[in-house]
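Here the structure is a predicted model, which is why all the values come from computation and not from measurement. We number each residue from 1, following the sequence as shown.
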Amino acid sequence: MPGSEKDRLAALVIDQHRVFQEALAGNRKRYPTPEFESFAAAMREYVDATREDEMLHRGVVTAVYGLVEYLRSERKRVPDDVLLEAERLECLLFLGYDPHFDGDEPPGL
């Protein structure tokens, strides 16, 4: 995949992260789950495209590093599915595996 496609995906992740941050700051009564889901979808697409790369885009790393801790400290009540997906995104990006198999279970499980 050309570098420009990876740059486009990185820019999409960064933009979706910004939209999510703005939604968090904007409405304190409703949790911005749709904005988070858009960010997570962009992040999964970026991870799929850069799975074999040794280097990651700095803006993407900044958006995901410490995401779970940030979400827990930002609000008292965070939906469990948001925290699980945030943990999944961190594992996908930094450790290279999906902690939620969803059909990719190892043989014998």
Nearest heavy-atom neighbours spanning Glu90 and Val68: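 Closest heavy-atom pair between Glu90 and Val68: OE2-N, 3.3 Å.
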
Closest approach of Gly59 to Ile14 (non-hydrogen atoms, all atoms of both residues):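 Shortest heavy-atom separation between Gly59 and Ile14 comes out as CA-CD1, 3.7 Å.
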
Euclidean distance, [Y] [atom2] relative to [X] [atom1], rounded to 0.5 Å:
X     : Y     : atom1 : atom2 : answer
Glu5  : Thr50 : CD    : OG1   : 11.5 Å
Arg88 : Leu83 : CZ    : CG    : 14.5 Å
Leu67 : Thr62 : CG    : OG1   : 12.0 Å

side-chain hydrogen bond (donor to acceptor under 3.5 Å, both in side chains) partners for Arg72, two or more places apart: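 Result, side-chain hydrogen bond (donor to acceptor under 3.5 Å, both in side chains) vs Arg72: none returned.
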
Those residues that, when tested against Glu22, pass side-chain hydrogen bond (donor to acceptor under 3.5 Å, both in side chains) (two or more places apart):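 If we apply the side-chain hydrogen bond (donor to acceptor under 3.5 Å, both in side chains) test to Glu22, skipping adjacent residues, the hits are Arg18.
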
Where at least one partner belongs to residues 31-42, residue pairs that pass side chain to side chain donor-acceptor pair (under 3.5 Å), sequence neighbours excluded: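 Counting only pairs at least two positions apart or across chains, no side chain to side chain donor-acceptor pair (under 3.5 Å) contact touches residues 31-42.
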
Pairs involving residues 73-84, ordered by first then second residue, that meet side chain to side chain donor-acceptor pair (under 3.5 Å) (sequence neighbours left out):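 Residue pairs passing side chain to side chain donor-acceptor pair (under 3.5 Å), neighbours aside: Arg28-Glu74.
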
Arg30 CZ: over 12 foreign heavy atoms closer than 6.0 Å: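 Count over threshold, so yes.
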
Side chain to side chain contact (heavy atoms under 4.5 Å, CB included) partners of Ala42, counting only residues at least two apart: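 Listed in chain order: Leu12, Val13, Gln16.
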
Linked, directly or transitively: Val64 and Leu24 (ILVMFWY side chains, under 4.5 Å):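 Yes: a chain of side-chain contacts under 4.5 Å links Val64 to Leu24.
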
Test item: Glu85 and Arg44 side chains (from C-beta on) under 4.5 Å apart, heavy atoms: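 Heavy-atom side-chain distance check passes, below 4.5 Å.
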
Side chains of Phe36 and Val78 in contact at under 4.5 Å (non-hydrogen atoms):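 The answer is no, as the side chains (C-beta and beyond) never meet within the 4.5 Å cut-off.
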
Pairs touching residues 43-82 that satisfy ring-ring contact (aromatic ring centres under 6.0 Å, His included), sequence neighbours left out: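 Checked against ring-ring contact (aromatic ring centres under 6.0 Å, His included) - neighbours excluded - no pair reaches residues 43-82.
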
Expected output: side-chain Glu45 to main-chain Leu9 donor-acceptor under 3.5 Å: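 Here the side-chain-to-backbone pair does not exist.
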
